[in-house]
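This report refers to the structure that appears directly beneath it.
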Amino acid sequence: MGTGVPASEQTRCAKRDPQVYCPENAGGTEAGQVTDLQSPEDNRPQSEPGGSSPEDSGQLMASYEGKAKGYQVPPFGWRICLAHEFAEKRKPFNANNVSLSNLIKHLGMGLRYLQWWYRKTQVEKKTPFIDLINCVPLRQIYGCPLGGIGGGTITRGWRGQFCRWQLNPGMYQHRTVIADQFTVCLRREGKTVYQQVLSVERPSVLRSWNWGLCGYFAFYHALYPRAWTVYQLPGQNVTLTCRQITPILPHDYQDSSLPVGVFVWDVENEGDEALDVSIMFSMRNGLGVGDDAPGGLWNEPFCLERDGETVQGLLLHHPTPPNPYTMAVAARLTADTTVTHITAFDPDSTGQQVWQDLLQDGQLDSPAGQSTPSQKGVGIAGAVCVTGKLPPRGQCRLEFSLAWDMPRIMFGAKGQVYYRRYTRFFGRDGNAAPALSHYALCRYIDWEEKISAWQSPVLDDRSLPAWYKSALFNELYFLADGGTVWLEVPEDSLPDELVGSMCQLRPILQEYGRFGYLEGQEYRMYNTYDVHFYASFALIMLWPKLELSLQYDMALATLREDLTRRQYLMSGVMAPVKRRNVIPHDIGDPDDEPWLRVNAYVVHDTADWKDLNLKFVLQVYRDYHLTGDQSFLRDMWPVCLAVMESEMKFDKDQDGLIENGGYADQTYDGWITTGPSLTPKPMSLISAYCGGLWLAAVAVMVQMAVLCGAKDIQDKFSSILRRGQEAYERLLWNGRYYNYDCSPQPQSCSIMSDQCAGQWFLKASGLGEGDTEVFPTQHVVCALQTIFEFNVRAFAGGAMGAVNGMQPHGVPDRSSVQSDEVWVGVVYGLAATMIQEGLTWEGFQTAEGCYRTVWERLGLAFQTPEAYCQQRVFRSLAYMRPLSIWAMQLALQQQQHKKASKPGAQQGTGLGTGLSTGPNLGPKEATAKPKEAL
């Protein structure tokens with residue numbers, strides 16, 4: 001390896017040997033981790049203490065042989081040893097996983113999809129918005145992403161690799177760039193005694209570098225938006241703790257948009273000898289593929305001194321169109337540190353020059369001037385090194401930042417130029433990387449104080465289980481790493497004819513910008529609204545102005561139409577892209593021209609979907625309830641009237657309930673609501689899911705009519721509500737739960753885990769009980785208890801969450817490709833509904849199964865999928881819907897407020913959402929024992 005390290009300091013990696021140096025088999029290890037006391041099978045009563053112990057590390061830390069705990073690593077979060085390997089290796093869902101009966105049902109759709117896929121990829125040379133043929137493969141490697149909201153993200157894996165990139169808006173590259181590494185060099189008395197790349201990899205390039213870090217003596221700990229990696233260096237009495245910080249700051253609309261990340265290295269010396277310690281941060285210009293190939297990339301050093309603080313580093317210029325950018329690798333220069341650099345080296349070579357340069361004196365040569373532009377097909381990289389003094393039994397700190405400046409972007413169709421949100425504060429000229437680096441390195445301490453103030457009320461609440469504390473914050477990764485864009489809105493981009501009726505639309509969009517995030521990293525559609533219905537709780541609770549901005553955008557799109565006809569893949573029919581006065585499915589594909597061309601989804605004609613319009617109405621009122629913004633409600637009122645008028649046509653028999661269309665016409669787009677085709681006179685085709693959403697939306701319209709002073713509309717919807725309630729109970733309630741639908745088909749009596757979605761939103765909006773009760777409380781509680789007993793406990797031993805559909809005899813409903821799946825975001829919403837109805841213990845047990853399956857068993861940290869089955873497969877990695885875990889937080893908070901409003905109640909610290917405060921009440925105090933099974 002050419003380390004130059006004396007042989008006496010080099011030791012073999014042997015398990016349980018504290019002098020570990022490098023593992024023989026570390027190159028293929030993969031893993032993920034959380035801390036918690038309870039296992040999924042733990043059925044202890046809520047009153048039993050000890051629900052938030054952080055000491056039980058679980059299987060993900062079982063391989064850790066070190067004793068180091070790291071510098072100020074928090075007790076709660078997702079923790080994993082770098083030597084861990086997941087035993088279970090699942091595969092993406094594909095046609096081979098479809099039963100013969102379901103395959104026959106979808107044969108036409110499959111053939112149409114193949115034709116569409118060929119035309120899209122081979123003729124148009126575009127990437128499909130959903131690529132069922134080339135799914136993202138399983139890689140159990142991801143960690144906290146770097147970068148704020150809407151400026152692009154770079155994911156650093158839990159083993160230290162830079163491995164997932166979203167710089168071009170909405171478009172992902174899953175590639176580990178080998179040259180992007182941290183390397184440590186230790187020197188005693190002027191001699192290098194230890195030099196190691198802090199990576200367990202053993203790559204075929206840069207072979208002069210010392211690879212193969214022993215993973216048994218290192219661990220990773222994530223609590224988004226921060227992460228810690230702890231390295232116990234073999235034989236050196238030195239521990240490194242790398243703290244990664246991203247400015248994800250609730251209710252902050254400036255720093256939260258910055259495309260930056262900070263790495264703070266705290267180095268502890270447990271020995272009696274002084275050391276010089278150097279950390280080198282190397283970075284390739286580009287990813288080594290695609291738009292790097294033409295060449296023309298170049299690097300240059302920079303130094304920025306401002307307000308008494310100096311930052312030095314390298315600028316990596318990547319001028320490739322259509323979205324050129326500059327990356328900045330930088331370090332903070334202090335009185336106790338030295339910053340050096342190497343401007344350019346070949347990342348595909350042996351790397352000997354760089355390695356020997358560092359080995360010689362713990363510093364780099366720091367040549368002046370810019371590099372020559374790279375040649376076609378030849379890579380270019382650079383490195384920045386910080387050196388500090390490490391006294392005996394002492395500690396030192398070395399600080400790096402990574403920033404990228406891509407101010408001007410174009411989406412795939414290249415039809416319009418947009419500017420990212422952060423350009424409002426750092427300019428549009430493409431020269432902001434030094435200033436971004438300086439700002440990040442000078443402000444990160446303030447960011448951390450704000451993060452701690454936000455998270456501490458949850459982390460300090462001993463009644464909350466540790467897995468929940470990890471899940472609540474770590475699932476937020478998707479708000480930044482969901483292909484997210486946050487754009488400035490030009491004055492002339494808003495049409496006067498549509499803006500006129502919404503007084504606050506222009507001020508909101510121009511002050512807070514335009515926000516978009518993908519349905520999933522594999523399902524590439526912005527602001528998919530049927531899914532945002534679940535995920536929106538995170539946005540409205542933490543960045544409410546972005547939620548309102550999204551709602552105004554959706555209202556604008558609703559009032560527009562695109563009558564261009566196209567074929568829909570499921571049915572094969574030709575229909576318009578978008579009809580007026582119906583909510584669009586999505587706001588567009590980043591590989592096309594989102595906002596200008598909506599509804600990238602071509603599987604169904606969603607103009608006839610039953611849930612989209614209802615979900616808009618419910619979210620409008622929920623958003624009003626949580627923000628108190630009366631102007632927003634007034635602006636949305638005409639749009640709500642328009643979409644509800646469009647929805648009325650689905651109530652064909654005027655019984656106060658809408659009918660489904662006999663196909664999968666809602667968010668469960670592969671789960672058909674069947675019709676009574678053999679009956680001589682067609683009956684109402686009512687489903688629990690859509691019927692429940694409809695009744696909830698009608699109840700919300702009554703409340704909005706009161707607030708808007710529209711007595712005639714109030715009376716109209718009150719009448720509809722009364723008729724609809726009677727029909728819903730008569731047609732669907734069977735004494736224990738609401739049937740999936742009211743058809744004569746066998747699967748109509750399936751127990752749907754999401755049957756109470758309407759009640760969930762009513763309760764979240766301060767309705768659904770007392771004078772505003774829509775669904776009888778005893779029926780709701782009974783249905784939730786039935787779901788817990790069948791969909792949760794009778795499925796996979798109660799350890800995997802709630803299956804979407806369960807037959808009443810205890811077998812998963814396999815009548816569709818989605819009914820036997822577990823949808824993580826639906827489970828978190830179900831858990832919130834249980835908490836709302838006083839079934840707090842059941843709610844936490846239900847949600848825990850999903851968390852442990854995804855984050856501990858399947859190795860899908862920071863890529864939580866839409867769905868998984870009991871065995872073998874998952875579907876759609878890195879998905880929007882699991883952000884619904886913030887609905888659990890809202891439910892807990894509302895539960896606290898209710899308790900606090902009782903006479904004699906004592907105030908507590910609250911749960912830190914930023915909305916309000918209340919007394920502490922966790923799942924352990926909720927009830928004395930679990931509910932009895934039905």
Please check if the side chain of Thr627 supplies one atom and the backbone of Asp623 the other of a donor-acceptor pair under 3.5 Å.
yes
Could you tell me if the side chain of Met834 sits less than 4.5 Å from the side chain of Thr840, heavy atoms only?
no
Scan side-chain atoms only and decide if Tyr534 and Asp754 contain a donor-acceptor pair under the 3.5 Å cut-off.
yes
First locate atom CG of Asn613, then atom CG of Leu618, and finally report the distance between them rounded to the nearest 0.5 Å.
11.0 Å
Check this for me, if you would: do Asp605 and Arg579 make a salt bridge, where the nitrogen-to-carboxylate-oxygen distance has to be below 4.0 angstrom?
yes
How about Tyr624 and Asp629: does a side-chain donor come under 3.5 Å of a side-chain acceptor?
no
Side-chain (Gln755) to main-chain (Asn739) donor-acceptor, under 3.5 angstrom:
no
Between the main-chain N or O of Val803 and the side-chain N or O of Glu821, is there a donor-acceptor pair closer than 3.5 Å?
no
Which of these, Arg881, Glu547, Glu519, Lys615, sits in a side chain to side chain donor-acceptor pair (under 3.5 Å) with His532?
Glu547
Qualifying residue for side chain to side chain donor-acceptor pair (under 3.5 Å) with Ser687, from Asp665, Asn660, Asp741
Asn660
Is it the case that the ring center of Trp760 lies less than 6.0 angstrom away from the ring center of Phe537?
yes
Between Ser536 and Gln619, do the side chains contain a donor N or O and an acceptor N or O under 3.5 Å apart?
yes
Check whether any side-chain heavy atom of Phe515 lies under 4.5 Å from a side-chain heavy atom of Lys545, and answer yes or no.
no
Is any side-chain heavy atom of Phe717 less than 4.5 Å from a side-chain heavy atom of Met644?
yes
Supply the atom-to-atom distance Leu830 CG to Cys756 SG, rounded to the nearest 0.5 angstrom.
8.0 Å
Closest approach of Ala696 to Gly758 (non-hydrogen atoms, all atoms of both residues)
CB-O, 3.6 Å
If I take atom CG from residue Leu685 and atom SG from residue Cys742, how far apart are they, to the nearest 0.5 angstrom?
6.0 Å
Step through it carefully: locate the ring centre of Tyr468, locate the ring centre of Phe844, and say whether they are under 6.0 Å apart.
yes
Can Lys716 and Asp712 be counted as an ion pair, charged N to O under 4.0 angstrom?
no
In terms of side-chain geometry, is the basic nitrogen of Glu659 or Lys610 positioned less than 4.0 Å from the acidic oxygen of its partner?
no
Can you give me the closest heavy-atom contact between Ile587 and Asp553, atom names plus distance?
CD1-O, 4.4 Å
When you compare the side chains of Thr833 and Gln759, does any donor N or O come within less than 3.5 Å of an acceptor on the partner?
no
From Ser901 atom OG to Gln896 atom CD, the distance as rounded to the nearest 0.5 Å:
12.0 Å
I need the minimum non-hydrogen distance between Tyr689 and Ala757, along with the two atoms involved.
CE1-CB, 3.8 Å
Are side-chain heavy atoms of Tyr738 and Glu729 found at a separation under 4.5 Å?
yes
Check whether any side-chain heavy atom of Ser748 sits under 4.5 Å from a side-chain heavy atom of Tyr740, and report yes or no.
no
Going by side-chain contact (heavy atoms from CB on, under 4.5 Å), name the residues that satisfy it together with Ala847, two or more places apart in sequence or in a different chain.
Trp467, Tyr828, Ala831, Met888
Do the side chains of Arg722 and Glu726 get close enough for a salt bridge, i.e. N-O under 4.0 angstrom?
no
Expected output: side-chain Asn599 to main-chain Val577 donor-acceptor under 3.5 Å:
yes
I'd like to know if Glu769 and Lys898 make a salt bridge, using a cut-off of under 4.0 Å between side-chain N and carboxylate O.
yes
Just by distance, do the side chain of Tyr868 and the backbone of Met800 share a donor-acceptor pair under 3.5 Å?
yes
Is there a side-chain contact between Phe616 and Val582, using heavy atoms and a 4.5 Å cut-off?
no
So, Glu773 and Thr777: side-chain donor and acceptor under 3.5 Å apart, yes or no?
yes
In terms of heavy-atom contacts, Tyr523 and Arg875 come closest through OH-NH1, 3.1 Å
Any side-chain to backbone donor/acceptor pair from Lys578 onto Arg560? Under 3.5 Å, distance only.
yes
To the nearest 0.5 angstrom, please state how far the CG atom of Leu721 sits from the OH atom of Tyr728.
12.5 Å
Under 3.5 Å: donor-acceptor pair, side chain of Arg580, backbone of Leu559:
yes
Return the minimal non-hydrogen interatomic distance between Ala891 and Ile835, and the atom names on each side.
CB-CG2, 3.7 Å
Give a yes or no answer on whether the side chain of Asp813 reaches the backbone of Met806 with a donor-acceptor pair at less than 3.5 Å.
no
Would you say that Val822 contacts Val827 through its side chain, given a criterion of any heavy-atom pair below 4.5 Å between the two side chains?
yes
Determine yes or no for a side-chain-to-main-chain donor-acceptor pair under 3.5 angstrom, with Gln666 supplying the side chain and Tyr668 the backbone.
yes
Return yes if some donor-acceptor pair links the side-chain N/O of Ser631 with the main-chain N/O of Gln504 below 3.5 Å, else return no.
no
Distance, nearest 0.5 Å, that separates CG of Leu641 from CD1 of Ile713
4.5 Å
Do Tyr737 and His779 have ring centres separated by under 6.0 Å?
no
Among Phe533, Tyr601, Tyr529, find the residue that satisfies the ring pair (Phe, Tyr, Trp, His ring centres under 6.0 Å) test when tested with His585.
Tyr601
I want to check something: taking the side chain as every heavy atom from C-beta on, are Gln889 and Ile885 in contact at a cut-off of under 4.5 Å?
no
